[in-house]
Protein chains: 2
Amino acid sequence: MAVTLADVAARAGVSSATVSRVLNGNYPVAGSTRERVQRAVDDLDYVVNGQARALAAATSDLVGVLVNDVADPFFGLIASAVQAEISDGSAPGGGKLAVVCNTGGSPEAELTYLTLLERQRAAGVVITGGAIEGAGHGAAVAARLARLAESGTRIVLCGRPPLDPPATAIPVATVAFDNLGGARRLTEHLLSLGHRRIGYVAGPADRTTTRHRLEGHRAALAAHGLPSGGPDVERLTVHGSYDRSSGYDAALELLRREPSLTAIVAANDTVALGVCAAVRDRGFSIPGDISVAGFDDLPFSVDATPALTTVRIPLQEAGARAGRLVMGRQAPPPCGLATIRTELMVRASTARPRGGTA
Amino acid sequence: MAVTLADVAARAGVSSATVSRVLNGNYPVAGSTRERVQRAVDDLDYVVNGQARALAAATSDLVGVLVNDVADPFFGLIASAVQAEISDGSAPGGGKLAVVCNTGGSPEAELTYLTLLERQRAAGVVITGGAIEGAGHGAAVAARLARLAESGTRIVLCGRPPLDPPATAIPVATVAFDNLGGARRLTEHLLSLGHRRIGYVAGPADRTTTRHRLEGHRAALAAHGLPSGGPDVERLTVHGSYDRSSGYDAALELLRREPSLTAIVAANDTVALGVCAAVRDRGFSIPGDISVAGFDDLPFSVDATPALTTVRIPLQEAGARAGRLVMGRQAPPPCGLATIRTELMVRASTARPRGGTA
DNA sequence: CTGTTAGCGCCTTCAT
DNA sequence: ATGAAGGCGCTAACAG
């Protein structure tokens with residue numbers, strides 16, 4: 001059996017309460033006693049039982065981090081930053097462990113993990129990535145979050161819009177991304193280059209991220225006096241998942257529907273790579289024949305050829321901020337909402353269309 | 001306060017022991033009683049306290065996953081696979097949570113996290129990535145692992161060689177990568193194309209992964225009757241960290257030392273991207289003037305331009321296997337060691353050298 | 001400053 | 001099949 005507090009106490013010739021006090025350093029203990037206890041701890045290689053401590057003190061060393069998939073750099077970068085921030089033992093309340101949960105974008109998995117984290121009485125939960133819309137899922141999540149919040153779990157949303165109005169009473173800090181603004185600026189960039197027939201490869205239809213980026217794209221079209229709705233615009237929009245092969249397929253479909261396309265905007269960088277591959281496989285050059293743009297500015301984007309024009313989201317900083325918020329180490333932003341700016345990164349994958357008029 | 005077992009028991013008109021038995025389903029309970037309890041649980045929205053359960057039953061729902069950095073796709077892919085495997089609630093003992101720990105490759109952080117996980121009485125620990133050699137670190141890790149193993153924590157090494165001989169008594173399953181063989185085949189490929197002056201961008205000098213890949217490279221040189229040691233070979237080897245900028249700098253240095261280089265092998269794909277960038281910035285074409293190769297076959301490698309010749313490691317499968325092993329869901333391989341094959345992926349970034357003699 | 005005393009919420013023999 | 005009771009290892013009042 002593992003050595004317990006009582007063992008240490010016996011060896012040091014003190015009560016277990018004293019050992020506890022030495023270990024937690026939150027109560028005055030005589031120097032000599034402290035030393036004796038410390039020695040006993042070392043001699044016995046004692047390691048506290050976190051579960052017993054958590055139970056007795058009603059605290060937890062765990063922080064949940066919900067992601068679609070840590071293998072996706074978008075989420076990996078956020079998760080990494082959160083982890084780094086919460087594990088900083090030198091900070092107050094620091095030294096928490098990150099429980100990373102891959103939801104795969106499934107609403108059920110999201111709820112299941114929230115229950116599991118409630119079970120562990122997690123100190124905090126960071127939910128990353130766009131929210132799934134519709135079918136009462138938002139309400140279901142809100143209900144779970146309400147329970148968590150009530151039991152003292154700090155909740156932070158990162159890369160997802162705030163909870164819907166009926167749930168605004170729940171104390172949740174939100175680090176949102178300006179997806180709409182970024183998407184608008186990206187399409188404005190293409191329009192200003194002279195592109196008029198722009199294909200759009202959107203993400204899954206039921207995600208807030210997908211919707212906001214698409215809205216930004218269309219807002220830019222509208223601002224330039226172009227149709228931003230109707231069958232003609234729908235025809236130039238294809239939905240798919242947020243992965244490379246989806247981008248490949250979508251690009252082929254777009255080129256089939258509209259061979260005179262001069263530019264394609266992808267839902268994110270990963271999709272954009274698939275688009276690039278398809279465009280090239282069809283014999284077009286980038287950006288000579290067709291410009292391609294992505295979103296997120298993941299690390300590999302600069303190494304794509306041509307280097308990808310995209311919209312940078314400071315994922316690392318956002319994750320770090322979410323980490324600080326969930327630790328209560330940073331004051332929540334006004335109204336609990338901080339919107340992270342996005343930045344247009346113009347690189348080599350976009351250029352004027354052949355015979356462009358800009 | 002949160003609702004407890006006792007609350008449920010009271011509402012169902014049974015003892016808390018009965019509720020516990022219903023919840024755990026490991027003991028006969030009358031059907032009618034079961035239903036009544038189940039209803040009470042639902043009515044009260046009861047969620048078990050994992051910490052109390054863990055304390056009483058001496059079990060844990062946590063599995064630690066040590067990685068250098070989850071933001072690095074190499075580790076992200078492994079971590080993702082481990083997480084997916086251990087969280088499968090339908091499997092025996094399933095439904096564990098993954099505690100992801102970024103060690104940043106620091107020996108101290110590695111030990112600290114192992115202590116933290118021991119504190120949580122983790123059910124298992126998966127340590128990923130190459131080991132740090134020297135300075136007694138291996139022994140220190142082994143000591144910690146011995147303690148963990150003794151207290152029932154399952155231990156799995158993934159992507160790292162088995163523990164050193166003195167520690168072989170510790171029950172540890174190892175999923176190792178055939179770094180040496182892969183590196184050898186990669187360099188053989190270059191040699192067979194006709195390359196003779198090959199630069200090598202190695203990783204940090206104190207990592208097993210670095211060493212094995214370098215050994216494989218040199219073994220190939222030796223097998224072709226080329227010098228595989230000595231100042232001339234050292235001159236063509238530059239060490240750096242496993243990141244892009246390190247590859248960039250190293251490539252410049254190699255080209256400075258030996259302008260007649262016809263190929264550069266990088267420690268991994270990320271480094272290779274940096275090498276490619278440097279080579280191009282110096283005005284050379286790939287593979288026309290200089291061939292470049294990486295290692296790992298990370299997802300972005302196929303989208304690099306030219307597509308990267310590299311050595312594929314089935315990271316996903318390896319991670320999944322590690323996950324199953326740490327859950328005790330799969331029998332350990334003979335002698336506790338399974339070596340994962342690596343596969344040479346010849347793509348467009350390598351070709352015959354100009355005026356090659358192959 | 002230190003020891004004593006209660007639990008924290010649950011599981012698990014032991015009875016019944 | 002169910003209940004009663006003790007204890008998992010630790011912390012947090014409360015005394016002294």
Side-chain angles (χ1 to χ4, degrees), chain A residues 1-38 40-41 44-62 93 115-116 118-123 151-152, chain B residues 1-38 40-41 44-62 93 115-116 118-123 151-152:
Chain A
M1 215 48 222
V3 19
T4 74
L5 243 206
D7 298 332
V8 177
R11 188 173 228 278
V14 296
S15 75
S16 59
T18 299
V19 179
S20 170
R21 297 198 260 255
V22 170
L23 259 39
N24 293 305
N26 53 4
Y27 213 82
V29 174
S32 64
T33 312
R34 174 187 311 285
E35 272 182 40
R36 208 141 34 84
V37 170
Q38 200 51 258
V41 167
L44 269 40
D45 272 328
Y46 171 71
V47 175
V48 291
N49 183 323
Q51 325 189 293
R53 163 185 286 182
L55 180 58
T59 62
S60 168
D61 290 341
L62 268 30
T115 300
L116 255 34
E118 181 178 351
R119 192 181 273 193
Q120 297 299 325
R121 303 295 188 264
S151 70
Chain B
M1 217 47 225
V3 19
T4 74
L5 243 206
D7 298 333
V8 177
R11 187 173 228 278
V14 297
S15 75
S16 60
T18 301
V19 179
S20 169
R21 296 199 259 253
V22 170
L23 260 39
N24 293 306
N26 53 4
Y27 211 83
V29 174
S32 63
T33 312
R34 175 189 309 286
E35 273 183 39
R36 211 140 32 86
V37 169
Q38 201 52 258
V41 167
L44 269 40
D45 271 328
Y46 172 71
V47 175
V48 290
N49 184 323
Q51 323 186 298
R53 161 184 289 183
L55 180 57
T59 62
S60 169
D61 291 341
L62 304 179
T115 300
L116 255 34
E118 180 178 352
R119 195 181 273 193
Q120 298 298 326
R121 305 295 189 263
S151 69

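The structure displayed is predicted, hence computed values, not measured ones. Letters A, B, ... mirror the listed sequences (proteins, then strands); counts begin at 1. These values consider heavy atoms only, across backbone and side chains, with no hydrogens, waters or symmetry-generated copies.
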Student: Output the rounded distance in Å from CG (A/Asp7) to C1' (D/dG9).
Tutor: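 After rounding, the reported distance stands at 10 Å.
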Student: Within this structure, what is the CG-to-P distance between A/Asn24 and D/dG9, rounded to whole angstrom?
Tutor: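 Computing the A/Asn24:CG to D/dG9:P distance gives 17 Å.
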Student: Can you tell which of B/Thr59, B/Asn24, B/Asp61 makes a side-chain hydrogen bond (donor to acceptor under 3.5 Å, both in side chains) with B/Arg53?
Tutor: B/Asn24
Student: Under 3.5 Å, is there any donor-acceptor pair linking the side chain of A/Arg21 to the base of C/dG3?
Tutor: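 Indeed there is one.
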Student: Whole-Å distance between C/dC10 C1' and B/Leu23 CG?
Tutor: 10 Å
Student: Does B/Ser20 place a side-chain N or O at less than 4.0 Å from the phosphate oxygens OP1/OP2 of C/dC11?
Tutor: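 Answer is yes, contact under 4.0 Å.
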Student: Report the residue (B/Arg36 or A/Leu55) whose heavy-atom-nearest nucleotide on DNA chain D is the more 5′ of the two.
Tutor: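 That would be B/Arg36.
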Student: Is there side-chain contact between B/Gln120 and B/Ser60, with heavy atoms separated by less than 4.5 Å?
Tutor: no
Student: When you measure from the side-chain N and O atoms of B/Ser15 to the phosphate of D/dG3, is any distance below 4.0 Å, counting only OP1 and OP2?
Tutor: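 It does, given that an N or O in the side chain of B/Ser15 lies less than 4.0 Å from OP1 or OP2 of D/dG3.
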Student: Quick check: does any side chain N or O of B/Arg119 sit under 3.5 Å from a backbone N or O of A/Gly50, one acting as donor and the other as acceptor?
Tutor: no
Student: Scan A/Leu5 against the nucleic acid and name what it touches under 4.0 Å (heavy atoms): base, sugar-phosphate only, or nothing.
Tutor: base
Student: Taking the side chain of B/Arg53 as its heavy atoms from C-beta onward, which of D/dA12, C/dC11, C/dG9 lies nearest to it?
Tutor: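 In terms of side-chain proximity for B/Arg53, the closest of D/dA12, C/dC11, C/dG9 is C/dC11.
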Student: Under 4.0 angstrom, heavy atoms only, what part of the nucleic acid is A/Thr33 near: base, sugar-phosphate, or nothing?
Tutor: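 Answer is sugar-phosphate: A/Thr33 comes under 4.0 Å of backbone atoms only.
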Student: Taking the side chain of A/Asn26 as heavy atoms from C-beta outward, which of C/dT12, D/dA12, D/dG9 is closest to it?
Tutor: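 For A/Asn26, the side-chain atoms sit closest to D/dA12.
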Student: Are side-chain heavy atoms of A/Leu5 and A/Leu23 found at a separation under 4.5 Å?
Tutor: yes
Student: When all nucleic acid strands are considered with a 4.0 Å heavy-atom cut-off, which category describes B/Ala17: base, sugar-phosphate, or nothing?
Tutor: base
Student: Side chain of B/Tyr46 only, please: which of C/dG9, D/dG9, C/dC11 is the nearest?
Tutor: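 It is C/dG9.
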Student: Quick one: are A/Asp45 and A/Val3 in side-chain contact, heavy atoms under 4.5 Å?
Tutor: no
Student: Can a side chain N or O of A/Thr18 be found less than 4.0 Å away from OP1 or OP2 on C/dG3?
Tutor: yes
Student: Name the residue closer to the 5' end of DNA chain C, choosing between A/Tyr27 and A/Ala56 according to the nucleotide with the nearest heavy atom.
Tutor: A/Tyr27
Student: At under 4.0 Å, does any side-chain N or O of B/Asn49 touch on OP1 or OP2 of C/dC8?
Tutor: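 Indeed not, no polar side-chain atom of B/Asn49 lies that close.
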Student: Atom CD of A/Gln120 and atom P of C/dC8: how far apart are they, to the nearest Å?
Tutor: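 After rounding, the gap between these two atoms is 20 Å.
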Student: Would you indicate which nucleotide in D/dA1, C/dC10, D/dT11 comes nearest to any side-chain atom of B/Ala30?
Tutor: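 Of all the options, the side chain of B/Ala30 is nearest to D/dA1.
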Student: Would you mind telling me which residue lines up with the more 5' stretch of DNA chain D, A/Gln51 or B/Ser32, judged by nearest nucleotide?
Tutor: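 That would be B/Ser32.
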